[in-house]
Visitor: 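Would you mind keeping the following structure in view while I ask a few things?
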2 protein chains.
Amino acid sequence: MPQPHEILFKTLADPTRRAIFERLCRDGDQTVAALTARAGVSQPAVSKHLGVLKQAGLVRDRHEGRNTHYSAELGALAPLIDWTNQMAGFWQSRFDNLEDLLKRMD
Amino acid sequence: MPQPHEILFKTLADPTRRAIFERLCRDGDQTVAALTARAGVSQPAVSKHLGVLKQAGLVRDRHEGRNTHYSAELGALAPLIDWTNQMAGFWQSRFDNLEDLLKRMD
DNA sequence: GCAATCGATAACTCGTTGGCTATTGATAAA
DNA sequence: TTTATCAATAGCCAACGAGTTATCGATTGC
């Protein structure tokens with residue numbers, strides 16, 4: 001399985017798709033029709049984006065009669081947070097090493 | 001100007017480009033030649049990626065004779081962190097509102 | 001039962017983008 | 001001064017991806 005942040009970056013890179021996810025975070029549970037009304041693209045396009053978001057684990061779907069409700073899965077963002085923390089960690093390590101070096105030079 | 005996280009998501013979505021950035025975070029200052037040696041793609045491809053990273057503010061370049069050194073600009077990740085925090089905030093707000101509602105129903 | 005709505009899928013188009021090779025400008029080395 | 005190296009640019013191509021319209025299966029309402 002590829003590294004978990006890989007799919008997240010790819011999925012969230014598209015503005016339309018990210019807007020859909022943001023809306024689900026803001027306002028919670030939404031039907032496809034409700035999301036389509038505000039997405040600025042066609043219903044099939046929205047369905048496709050939701051499929052990609054679901055594949056990335058960023059949303060869940062719940063079927064209720066002929067409506068499908070989607071909701072954000074906030075925990076799925078964890079690998080993204082981990083990745084940024086890791087980058088910051090690398091940075092800090094190198095800084096610490098430099099500090100040590102300078103200390104040893106005294 | 002577009003929202004600052006927009007360009008970051010787009011820039012970091014490409015695996016090759018992200019690997020270059022990661023390497024700069026891990027190991028600090030690198031020449032284009034050094035980065036090319038490990039990138040698995042041609043030197044022009046690396047230069048193009050570095051151009052995109054620079055445009056996004058994620059790297060800085062420093063010229064030294066005929067070599068060009070690049071280094072990571074860690075602060076540029078801030079809008080990404082802000083965005084994830086904002087998503088978490090929306091989530092929390094909705095939870096709080098639900099809590100309030102339940103409390104008022106007592 | 002029949003018409004209407006919801007949402008997913010199919011099939012296609014088109015712009016974007018990541019890759020390449022070739023080349024150029026600039027600096028260092030011989 | 002001539003040759004070699006470094007990095008950026010130009011020009012091209014193939015693949016991918018986001019959008020469209022058309023359609024279909026499923027559910028609900030008349």
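Values reported hereafter were calculated over all heavy atoms of this structure, with side chains retained and with hydrogens, waters and symmetry mates removed. Nothing here was measured: the structure is a model prediction, and the numbers come from that model.
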Visitor: What residue pairs, at least two apart or across chains, pass ring pair (Phe, Tyr, Trp, His ring centres under 6.0 Å) with a residue in residues 28-70 of chain A?
Guide: none
Visitor: Are A:R17 and A:L12 packed together at the side-chain level, in the sense that at least one heavy-atom pair is separated by less than 4.5 angstrom?
Guide: no
Visitor: According to the side-chain hydrogen bond (donor to acceptor under 3.5 Å, both in side chains) rule, which pairs have a member within residues 73-86 of chain A, sequence neighbours left out?
Guide: A:W83-B:E22
Visitor: With respect to A:V52, which candidate in A:T11, A:I7, A:L58 satisfies the side-chain contact (heavy atoms from CB on, under 4.5 Å) definition?
Guide: A:T11
Visitor: Return each pair, listed once, that meets side-chain hydrogen bond (donor to acceptor under 3.5 Å, both in side chains) where at least one residue sits in residues 30-40 of chain B; pairs must be two or more places apart or across chains.
Guide: none
Visitor: Below the 4.0 Å mark, does D:dT20 have OP1 or OP2 next to a side-chain nitrogen or oxygen of A:S42?
Guide: yes
Visitor: Could you go through the side-chain contact (heavy atoms from CB on, under 4.5 Å) check for B:R62 and B:D29 one step at a time?
Guide: CA-CA 9 Å; B:R62 174 172 59 87; B:D29 207 79; 2.7 Å; yes
Visitor: With sugar-phosphate meaning primed atoms plus P, OP1 and OP2, does A:T36 contact a base, only sugar-phosphate, or nothing at under 4.0 Å between heavy atoms?
Guide: nothing
Visitor: Go nucleotide by nucleotide along DNA chain D from the 5' end; which of A:E64 and A:R17 gets its closest nucleotide reached first?
Guide: A:R17
Visitor: Walking along DNA chain C from 5' to 3', note the first and the last nucleotide with an atom under 4.0 Å from a heavy atom of chain A, and give both.
Guide: C:dA4 to C:dT9
Visitor: Using atom NZ of B:K10 as one end and atom P of D:dC16 as the other, report the distance to the nearest whole Å.
Guide: 18 Å
Visitor: How does protein reach along nucleotides 1-10 of chain D, written 5' to 3' as B (base within reach of a heavy atom under 4.0 Å), S (only sugar-phosphate), or - (no contact)?
Guide: ---BBSBBB-
Visitor: For A:A13, enumerate each residue passing the side-chain contact (heavy atoms from CB on, under 4.5 Å) test, keeping only those at least two apart in sequence or located in another chain.
Guide: B:A13
Visitor: Would you find more than 12 non-hydrogen atoms of other residues, nucleotides or ligands less than 6.0 Å from A:R23 atom CZ?
Guide: yes
